[in-house]
Undergrad: 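Have a look at the structure that comes next, please.
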Amino acid sequence: MDTNEKIAEIFKIEDVLKIVLETASLLLKNGADVRRVEDTMIRICNAYKLRNPEVFSITSLIIITASDMNGKTLTQTKRIYNSTTDLTILERTNALSREICKNPESLDYVMKRLLEIKSKSLKTNRRICIGNMIAAGSFSMFFGGNFKDAFAAVIITLILFFGNIYVLKPASNRILYTFSVSVLMGISAIFLVNIGIGVHIDKIMIGDIMLLIPGMALINSITDMFCGDFVTGTIKVTSSLLTALSIAGGYLFAFAFMGGLFK
Amino acid sequence: MTNTFAESFFQVILAFIGSIGFALALNAKKSRILTGGIGGGISWGIYLLCLNLTESVFTSSIVSASASYLYSAFFSRIQKAPINVFFAPSIIPMLPGGGLYYTIYSLIEDNNGNFYHYGKETLHITLGLVIGFIICSVIWNFFISLQRRHI
């Protein structure tokens, strides 16, 4: 019996597909692009000696069909709901998939490792909060503000952060979320300038706009389109344009609201 | 659009710190945070240099996006990590946050001249970044596929 047959006998196709989908969804949820996800899925299928792997993925759905040595064919799908970029999970999952492509480990072990990656993320609220504060402060100075403006931008990030955890997280609609966050940011920036913390409204707001701007998604999506993946490209372009529009709408709303109150 | 040297240096330092902040917020590994920050600093430095030489926002965006892509591709090849881990923090300083804000603001003020000016600038920067990214990623992937065929 050669190794190919051995591998086909040990690993059942249902379980292999489950592993493949789990890995792919972790990658897709945490900021990998679609071409890379599809590539990884095919590699894992080949490592576990599945025949004719056919994969298709867009940002919210993964489909895979493959057959085993006996000709049994199976299709499984996975729906992706909300995605947040987490570079640590992305990197660890990628390392794991490289490892199992080199030598196929037992499926229980792989599943255990995947769960471990998911649960042992470094992502703590404190870390993210500090990161956002550093970014907002330095970018408001980067665009020409002074120390007072940076301080105001940092305070707004704090307000946002607590609002984000306690108020906005339950409503997990991305567009609605961006809109309400921009309204909140605009109102607090104008308020802070009016009570004397911070000098330039524009610099403070630009520092905070950098936290919301969907630049990476826009660049990725247009690249997807140029590489021939029109479905994913269109979805992402639409979502990032809508995000930009909702930032604009939120600021407009804030200006209209606070302009009536203060000027 | 010419900056003094001290101003430019200050901006590069701030771009470095800001990129570090973003690497933290995107939850990068500890060893990747410094790499992302240096990438942000380098690409903003190249942007400013190019802006001083050509005075064109569009060209500078193409060049700096290419530089930042090549930087991240190089590190991702060496350290065997996905390219987005390095690219996401280092592209941040080039994103047109200021342009977007002033475009919105001139829309509110009903200032057509400014709206046209800032809107055009924002569009130029975005298109420049995309074009630089596409050119480099196509070339880089082509070379990698060549290398694979030889092995």
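Values reported hereafter were calculated over all heavy atoms of this structure, with side chains retained and with hydrogens, waters and symmetry mates removed.
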Undergrad: Give the C-alpha distance, both sets of side-chain angles, the deciding distance and a yes or no for side-chain contact (heavy atoms from CB on, under 4.5 Å) between A:R92 and B:K29.
TA: CA-CA 10 Å; A:R92 290 203 175 137; B:K29 265 188 183 176; 4.1 Å; yes
Undergrad: Which atoms of A:A95 are under 4.5 Å from chain B, going by heavy atoms: the side chain, the backbone, both sets, or neither?
TA: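 For A:A95, no heavy atom lies under 4.5 Å from chain B.
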Undergrad: Can you find a pair of side-chain heavy atoms, one from B:Y105 and one from A:M205, that are under 4.5 Å apart?
TA: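 B:Y105 vs A:M205: side chains apart.
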Undergrad: Please state whether the side chain, the backbone, both or neither of B:T126 comes within less than 4.5 Å of a heavy atom of chain A.
TA: side chain
Undergrad: Using only atom types and a distance under 3.5 Å, with no angle test, would you say the side chain of A:D202 pairs donor to acceptor with the backbone of B:Y101?
TA: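 No; judged by distance alone, with no hydrogens or angles, the pair does not exist.
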Undergrad: Do B:F16 and A:S138 come within less than 4.5 Å of each other through their side chains, counting heavy atoms only?
TA: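 Not touching, per the 4.5 Å side-chain cut-off.
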Undergrad: Do the side chains of B:L95 and A:M210 get nearer than 4.5 Å, heavy atoms only?
TA: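 A side-chain contact under 4.5 Å exists here.
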Undergrad: Can you confirm whether A:I209 sits close enough to B:L100 that some side-chain heavy atom of one is under 4.5 Å from a side-chain heavy atom of the other?
TA: yes
Undergrad: Is there a side-chain contact between B:N27 and A:D86 in this structure, where contact means two heavy atoms from C-beta onward sitting under 4.5 Å apart?
TA: yes
Undergrad: Are A:E91 and B:R32 close enough that some pair of their side-chain heavy atoms sits under 4.5 Å apart?
TA: yes
Undergrad: Between B:I92 and chain A, which part of the residue has a heavy atom less than 4.5 Å away: side chain, backbone, both or neither?
TA: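 Both backbone and side chain of B:I92 come within 4.5 Å of chain A.
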Undergrad: What distance do A:I134 atom CD1 and B:I17 atom CD1 have between them, rounded to the nearest 0.5 Å?
TA: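 Reported value, rounded in 0.5 Å steps: 8.5 Å.
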Undergrad: Roughly how far apart are B:N84 CG and A:R36 CZ, rounded to 0.5 Å?
TA: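 Going from the CG atom of B:N84 to the CZ atom of A:R36 covers 8.0 Å.
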Undergrad: What's the spacing between A:M133 CE and B:L24 CG if we round to 0.5 Å?
TA: 11.5 Å
Undergrad: Hey, could you give me the CG/OG distance between B:L14 and A:S140, rounded to the nearest 0.5 Å?
TA: 9.0 Å
Undergrad: Quick check on A:L252 against chain B: is it the side chain, the backbone, both or neither that has a heavy atom closer than 4.5 Å?
TA: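 Both parts, backbone and side chain.
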Undergrad: Only pairs of heavy atoms separated by less than 4.5 Å count here; which of B:P93, B:S137, B:A23 has the most with chain A?
TA: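 Heavy-atom pair counts peak at B:P93.
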Undergrad: For atom CZ of A:F253, decide whether the heavy atoms of other residues, nucleotides or ligands shown that lie under 6.0 angstrom number more than 12.
TA: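 Incorrect, the count does not exceed 12.
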Undergrad: As an exercise: rank B:A88, B:G18, B:P82, B:A15 by heavy-atom pairs under 4.5 Å with chain A and give me the winner.
TA: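 Top count of heavy-atom pairs under 4.5 Å with chain A: B:P82.
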Undergrad: Counting only non-hydrogen atoms closer than 4.5 Å, does B:F22 touch chain A with its backbone (N, CA, C, O), its side chain (CB onward), both, or neither?
TA: both
Undergrad: Against chain B, label A:A32 side chain, backbone, both or neither, depending on which of its atoms sit under 4.5 Å from a heavy atom there.
TA: backbone
Undergrad: How about A:F142 and B:W44: do any of their side-chain heavy atoms sit closer than 4.5 Å?
TA: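 Yes. Closest side-chain heavy atoms under 4.5 Å.
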Undergrad: Can you tell me which portion of A:L211 sits under 4.5 Å from chain B's heavy atoms? Options are side chain, backbone, both or neither.
TA: both
